[in-house]
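Lettering of chains follows the sequences in order, A, B, ..., and the numbering in each one begins at 1.
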Protein chains: 2
Amino acid sequence: MYNKLIDHIKQNVPGASIEKQIIEAYFTPKIFEKKEHFLMQGYTCTRAGFVIEGCYRNYMLSTEGKEVNTGFGFENWWLGDVSSFVNQTPTLINTQFLESTTLLTITAKNHFDLLERSQCFREYTNKLRSKATTASVLKLSELSESARTRYKVLLEKYPKIQQRISQKQIASFLQITPEALCRLRKFKISE
Amino acid sequence: MYNKLIDHIKQNVPGASIEKQIIEAYFTPKIFEKKEHFLMQGYTCTRAGFVIEGCYRNYMLSTEGKEVNTGFGFENWWLGDVSSFVNQTPTLINTQFLESTTLLTITAKNHFDLLERSQCFREYTNKLRSKATTASVLKLSELSESARTRYKVLLEKYPKIQQRISQKQIASFLQITPEALCRLRKFKISE
DNA sequence: GAATAGTCTTGATGTAGATCAACGATTTTG
DNA sequence: CAAAATCGTTGATCTACATCAAGACTATTC
């Protein structure tokens, strides 16, 4: 199980020497059931998690209280809100599992310690952070496209997403109704 | 001029001792004319800048080539794309001045050096980074609202924005046409 | 494994905002 | 300062998507 994390570090920091023993000691496995929350708006993010198996969605609440999905995560993704985690302030993000999910978790304090102790974990974290910034900026510009275009882009990026994520959840991510997505699919597929 | 930067650091890292001399030595003043670009898609962000006076917009290009404003900045704001700046990779962001603007600029290399040499600049940078993450996540959820609501929220957040930013630019930020914004204002104001 | 709840689909109808066009007011440029 | 470009406004029309409703199919739950 820990090897999935170590492999992921290797992929992102190629050539670095991995302090395998040190890193592993800091993580605790945890299993969450489908529909459970990892993080909820208003709470402070005390743990980060690395997905060994399963998937989740991030969503926010609009001012009218409607849930809006902001992204999905699968194996080898991290969950937790960086801003809330680093500053120990309340988060605006909700994270809910869409399948029964196995994580390796680490507390904020331990994460901080590990960054001090492990050079390669520091590089790994930096790498992921800058990747995440790019991704979130990208999404903003995509929202100016029509729902049809955004759906097309989504499918190109994650062709397998339909096997894992329900249409209702995908619709919320595209910020359209499930009905609209259903109609979109009919035309999209035949194109 | 340098005092504006030092004051901003003081505000964000209260109580810290400011290495004034060291910090100031790393920055170079620069003046940009209205409509000049600080950053363009495809280029690498080699400098960051702190706005002493003036304002700018950030925009991205949609796949159809349309400009979409992602934000505005004024006095005491930083400009530059963190991801491009830190990793020295091409950016996706365009930054253009909307007024003649005076900056204090710093190169990527010097920024890196300064982070090593100054404890308070390190804390200051961390503080700003985590703030920025929160802000960009916020905007995503706001986009699920109607243009009317987004406009209202914008005015509540930055009541003075209409004095500085043209309707065309605000419309691009709200992701509606200038015509639509014009009509919105008529009702909005009378409400 | 029967009852219940949630999901997907399709149809009818409503609406926010886009697009196109035109004109005065303002700003920019030579 | 005159010419040209850009901006803000208003009207007419069009369209992508929302909303509401209702039936079939699929998962949960006890």
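Evaluation of the side-chain contact (heavy atoms from CB on, under 4.5 Å) rule for A/Ser100 yields A/Ile31, A/Glu33 as partners, not counting sequence neighbours.
Annotation: cation-pi geometry not satisfied between A/Arg148 and A/Tyr151 (NZ/CZ under 6.0 angstrom from ring centroid, within 45° of ring axis).
B/Glu24 has its side chain out of reach of B/Leu104: every pair of non-hydrogen atoms, C-beta onward, lies at least 4.5 Å apart.
There is a side-chain donor-acceptor pair under 3.5 Å between A/Gln162 and A/Arg185.
A sub-4.0 Å separation between OP1 or OP2 of D/dC17 and a side-chain N or O of A/Thr177 is absent. The side chain of B/Gln169 contributes no N or O atom lying less than 4.0 Å from OP1 or OP2 of D/dC7. Dashed line: the shortest gap from a side-chain N or O of A/Lys35 to OP1 or OP2 of D/dT28 is not under 4.0 Å. Note on A/Gln175: every side-chain N or O is 4.0 Å or more away from OP1 and OP2 of D/dC17. In this model, the phosphate group of D/dA27 is not approached by any side-chain N or O of A/Lys34 to a distance below 4.0 Å at OP1 or OP2.
The side chain of B/Cys182 sits closest to D/dT9 out of D/dC7, D/dT9, D/dC17. Picking from C/dT9, C/dA18, D/dT10 the nucleotide with the shortest atom distance to the side chain of B/Ala180 gives C/dA18. Closest approach to the A/Arg185 side chain among C/dA18, C/dT9, C/dT10 is made by C/dT9 (side chain taken as heavy atoms from C-beta onward).
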Task: Stepwise ring-ring contact (aromatic ring centres under 6.0 Å, His included) check, B/His8 with B/Tyr124 - done: CA-CA 9 Å; B/His8 195 243; B/Tyr124 172 67; 5.6 Å; yes
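Residue A/Lys10 holds its NZ atom at 11.5 Å from OG of A/Ser17, rounded to the nearest 0.5 Å.
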Report each atom pair, protein N/O against N/O of nucleotides 20-26 of chain C, whose distance is under 3.5 angstrom.
{"from": "C/dC20", "atom 1": "N4", "to": "B/Glu179", "atom 2": "OE2", "distance (Å)": "3.4"}

